[in-house]
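Please read the structure below before turning to the comments.
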Amino acid sequence: MKFTVAIDGPAAAGKGTISKGVAAHFGFAHLDTGLLYRAVGARVLGGADPVGAAQNLTPDDLRGDNLRSADVAQAASQVAVIPDVRAALLMFQRRFAGRDGGAVLDGRDIGTVICPDADVKLFVTASDQVRAQRRFDELLAKGADITLTQVGADLTARDARDAGRENAPMKQASDAVLLDTSDMTIEAALAAAIAVVQRAVSLPENQG
Ligand code: DC
């Protein structure tokens, strides 16, 4: 059975947690596509050429323990502007989406560019203030030396770059369901996402 769930949205809106939870609930595979761009960004910070890095990513590159840092996040957003970097990562994402047994992909352009025919599309967002606080709490828990103001400024810069680029900008697909998690607990947000996916799974064309 092929079934693709596309989950897009800005940084720290909760899409990672929701995607993992949806995948676990339905027994689907999950791909955090931001991690691909982060792995390329990390290699560029280490001196590599962005396009070469994207063309030669290895599973080991996805395991780096610095991939969640603020510096790597900015580098990821910068390399993501380069069309040849995006092109190098496209087929891997599409193959993953088409695997048997169902797949959840989260990112910025999944519902618009990578999987325009996805069975379900969600656009997960939250207010700037809530997202900054969530990401600040996460980074703090990892022992990062950073302020809430810095985190907010980083997110604003990244959102502007991700939404403003010419190639595959972050954008809600016209057929995506909007989920604003600003005033939701993670449990409530996940339940809402599962309900949307369940409706699509239950459609007659997806039965059997
Ligand atoms: O989801 P994330 O915060 O880990 O993503 C890091 C950066 O990667 C994000 O700022 C933009 C880029 N990205 C992208 O351009 N397209 C995607 N599908 C996923 C991430």
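All ligand and atom numbering here is 1-based and tracks the order in the structure. In this text, all values refer to a predicted model and were calculated from it rather than measured experimentally.
- Going from atom CD of Gln172 over to atom OG1 of Thr125 covers 9.0 Å, rounded to the nearest 0.5 Å.
- Here the straight-line distance linking atom CG of Asn66 with atom NZ of Lys142 works out to 10.5 Å at 0.5 Å rounding.
- Residue-ligand proximity, Arg158 to ligand 1, at heavy-atom distances under 4.0 Å covers atoms 3 (O), 5 (O), 6 (C), 7 (C), 9 (C), 10 (O).
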For a quick test of your reading: what N or O donor-acceptor pairs under 3.5 Å do the side chains of residues 4-29 make, sequence neighbours left out?
residue	atom	partner	partner atom	Å
Thr4	OG1	Ala97	O	3.0
Asp8	OD1	Arg108	N	3.1
Asp8	OD1	Asp109	N	3.1
Asp8	OD1	Ile110	N	2.9
Asp8	OD2	Ile110	N	3.3
Asp8	OD2	Gly111	N	2.8
Lys15	NZ	Gly9	O	3.4
Ser19	OG	Lys15	O	2.5

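- Polar contact with ligand 1: present for Asp109 (N/O pair, distance under 3.5 Å).
- Atom 8 (O) of ligand 1 has as its closest protein heavy atom Tyr37 CB, 3.3 Å.
- Side-chain atoms of Asp137 and Gln133 include a donor-acceptor pair closer than 3.5 Å.
- Here Arg165 has side-chain heavy atoms under 4.0 Å from ligand 1, and that is the only part of it that gets that close.
- The distance from ligand 1 to the heavy atoms of Lys15 drops below 4.0 Å at these ligand atoms: 1 (O).
- In this structure, CG in Asp119 is found 4.5 Å from CZ in Phe3, a value given to the nearest 0.5 Å.
- Protein heavy atom at the shortest distance from atom 19 (C) of ligand 1 is Thr33 OG1, 3.4 Å.
- With ligand atoms numbered from 1 in the order given, ligand 1 contributes 6 (C), 7 (C), 8 (O) to contacts under 4.0 Å with heavy atoms of Ala76.
- Of the protein's heavy atoms, Asp162 OD2, 2.7 Å lies nearest to atom 10 (O) of ligand 1.
- Applying the side chain to side chain donor-acceptor pair (under 3.5 Å) test to Arg68 and every residue at least two apart in sequence or in another chain returns Asp32.
- Residue Arg86 holds the heavy atom nearest to atom 14 (C) of ligand 1 of all those in Arg135, Gln78, Gln93, Arg86.
- Ligand 1 has no atom lying under 4.0 Å from any heavy atom of Gln74.
- With no hydrogens or angles considered, a side-chain donor-acceptor pair links Ser182 and Asp180 at under 3.5 Å.
- Taking every non-hydrogen atom of Ala80 and a distance limit under 4.0 Å, the qualifying atoms of ligand 1 come out as 12 (C), 15 (O).
- Applying the 6.0 Å contact sphere to CD of Glu138 captures more than 12 heavy atoms from other residues, nucleotides or ligands.
- Ion pairing between a basic and an acidic side chain is recognised when a charged N comes within 4.0 Å of a carboxylate O; Asp60 and Arg63 show such pairing.
- Note on ligand 1: Met170 sits outside its first shell, no heavy atom being nearer than 4.0 Å.
- Few gaps surround CG on Asp100; more than 12 heavy atoms of other groups in view lie less than 6.0 Å from it.
- No part of Arg161 comes within 4.0 Å of ligand 1, judged by heavy-atom distances.
- From the protein, the heavy atom lying nearest to atom 4 (O) of ligand 1 is Arg38 NE, 2.5 Å.
- Of all protein heavy atoms, the one closest to atom 1 (O) of ligand 1 is Arg108 NH1, 2.9 Å.
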